Amino acid sequence: MAKPLLLGRKEIASIYNISPTSVSDSWVPHGILSYDDAVIVSGKPFWPGGFIESVALPPGKYGRQLDVGKLEALEAEQGASVRPMKKGELPPLVGAQEYASLFGVTQIAVSQAKGRLPASDYYLSGSHVWLLSTVLAAAEETMAGSRKGLWRLNEDVAEALRTGTYDGPGSSFAKRGLAAKK
C-alpha cells in the first residue's frame with residue numbers, strides 16, 4: 001500500500017508559512033479547515049495531504065500561498081507517495097493513546113517502551129504516529145519484550161481501528177479555548 005501524505009498543525013503552518021496557532025485560531029474558525037475533515041489520532045487532528053494542498057489559493061492571489069518546495073520536502077521526509085483528499089482514504093493510524101489501548105497498558109508505558117516499539121511511520125506536530133499495519137506487524141516482538149507479559153494485543157481494539165469504529169482514548173478531539181466555551 002502506498003504511504004499517504006499526512007499533516008498536522010505544524011506541518012500545515014510550515015508549508016503555508018504561517019504560525020501553527022493560525023491553523024486552529026484562524027483557519028478552523030473561518031471554515032478553511034474543519035476537524036471533520038481530519039482524522040483524530042491520540043486527540044490530535046491530522047489532515048490528508050491532498051486536502052491541505054487543495055485549500056491553497058492560486059499563485060498571485062493574496063493569502064493562502066502554498067510553498068510547493070516545502071510540501072515536496074515534507075513528502076520526501078515522510079516517504080509518502082500519495083496525497084489523499086479525504087480522511088476516509090487514509091489507512092488506520094495509531095498514536096500513543098491508541099497504542100496503549102491496543103496492548104492494555106498505560107500511555108506512560110508506551111512512552112517508556114519507545115526502544116521496543118517499531119519506528120513510527122510519522123512524526124507530526126510533535127507526536128509519533130504509526131500505521132496500524134506497522135504496529136500489528138511488530139506485535140509479537142512487542143509482547144515478547146514486555147516485562148511480566150503485561151503487553152497483550154487486544155484484537156477487539158485492533159478490529160475497531162481497522163474498521164474505523166474505534167471510540168476509545170484518543171479517538172476524539174477535545175475543543176479548547178473559545179471553541180470550548182461556545
Side-chain angles (χ1 to χ4, degrees), residues 1-14 20-21 23-24 28 33-49 52 74-75 77-82 84 86-177 179-180:
M1 180 180 160
K3 187 176 178 187
L5 180 64
L6 193 60
L7 296 96
R9 289 184 189 122
K10 289 182 181 178
E11 292 76 24
I12 294 168
S14 173
T21 56
V23 174
S24 53
V28 171
L33 295 180
S34 168
Y35 293 124
D36 292 336
D37 296 317
V39 63
I40 307 301
V41 180
S42 287
K44 292 184 177 183
F46 300 106
W47 287 269
I52 294 302
L74 179 63
E75 193 169 42
E77 178 185 315
Q78 289 184 9
S81 57
V82 295
K86 299 179 185 213
K87 69 179 180 181
E89 298 172 18
L90 296 172
L93 300 166
V94 175
Q97 291 182 28
E98 293 84 2
Y99 220 121
S101 290
L102 260 172
F103 288 95
V105 297
T106 65
Q107 192 175 342
I108 293 170
V110 171
S111 65
Q112 291 173 341
K114 288 286 191 230
R116 289 190 298 114
L117 304 181
S120 59
D121 294 290
Y122 300 93
Y123 186 70
L124 301 169
S125 297
S127 296
H128 291 278
V129 178
W130 294 264
L131 298 169
L132 178 62
S133 58
T134 301
V135 173
L136 295 179
E140 288 298 323
E141 186 178 320
T142 300
M143 290 185 294
S146 77
R147 292 183 189 155
K148 302 178 187 173
L150 294 177
W151 289 57
R152 293 280 170 232
L153 181 62
N154 183 331
E155 288 294 341
D156 292 338
V157 173
E159 185 60 23
L161 286 164
R162 257 188 228 103
T163 59
T165 58
Y166 176 76
D167 62 358
S171 65
S172 61
F173 178 70
K175 293 183 178 179
R176 297 171 184 88

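Keep in mind it's a predicted model, so treat the numbers as computed, not measured.
- When all heavy atoms of Leu150 and Val105 are compared, the pair lying nearest together is O-CG1, 4.1 Å.
- With values rounded to the nearest 0.5 angstrom, Asp121 atom CG is found 6.5 Å from Ser133 atom OG.
- Scanning for ring-ring contact (aromatic ring centres under 6.0 Å, His included) contacts around Phe46 gives an empty result, with sequence neighbours left out.
- Pairing each heavy atom of Ala96 with each of Ser42, the nearest pair is N-OG, 3.1 Å.
- You'll find the side chain of Pro4 reaches within 4.5 Å of the side chain of Tyr122, heavy atoms only.
- Every residue meeting the ring-ring contact (aromatic ring centres under 6.0 Å, His included) condition with Phe103, not counting sequence neighbours, appears here in chain and number order: Tyr99, Trp151.
- With Gln78 contributing its side chain and Leu6 its backbone, the two residues share a donor-acceptor pair below 3.5 Å.
- In this structure Ser127 satisfies the side-chain hydrogen bond (donor to acceptor under 3.5 Å, both in side chains) test together with Lys44, sequence neighbours excluded.
- At least one side-chain heavy atom of Leu131 sits under 4.5 Å from a side-chain heavy atom of Leu93.
- Annotation: side chain of Leu132 is in contact with side chain of Leu136 (closest heavy-atom distance under 4.5 Å).
- Taking the side chain as every heavy atom from C-beta outward, Ser101 and Tyr166 approach each other to under 4.5 Å.
- Formation of a donor-acceptor pair under 3.5 Å by the Lys87 side chain with backbone atoms of Ile40 is not found in this model.
- Closest approach of Leu5 and Leu7 over heavy atoms only: CG-CD1, 3.9 Å.
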Under the criterion side chain to side chain contact (heavy atoms under 4.5 Å, CB included), I'd like the reasoning laid out for Tyr35 against Ser172: C-alpha separation, chi angles, the key distance, then a yes or no. CA-CA 10 Å; Tyr35 293 124; Ser172 61; over 6 Å; no
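- Within 6.0 Å of CD in Glu159 there are more than 12 heavy atoms belonging to other residues, nucleotides or ligands.
- Annotation: side chain of Leu33 is in contact with side chain of Ile52 (closest heavy-atom distance under 4.5 Å).
- If you run side-chain hydrogen bond (donor to acceptor under 3.5 Å, both in side chains) between Ser125 and each of Glu11, Lys10, Arg9, only Glu11 comes through.
- The two residues Arg152 and Met143 make their nearest non-hydrogen contact at CA-SD, 3.8 Å.
- Within the model, atoms NZ of Lys86 and CG of Asp37 stand 9.0 Å from one another, a figure rounded to the nearest 0.5 Å.
- Of the inter-residue distances, the one linking Leu124 atom CG with Leu74 atom CG reads 8.0 Å to the nearest 0.5 angstrom.
- When every heavy atom of Pro84 is checked against every heavy atom of Leu90, the shortest pair comes out as CG-CD2, 3.6 Å.
- The CD atom of Glu98 lies 7.5 Å from the OG atom of Ser171; values are rounded to the nearest 0.5 Å.
- In this structure, the side chains of Leu102 and Leu153 come closer than 4.5 Å at one or more pairs of heavy atoms.
- The minimum heavy-atom distance between Thr134 and Ala119, with the atom names listed, is CG2-O, 4.1 Å.
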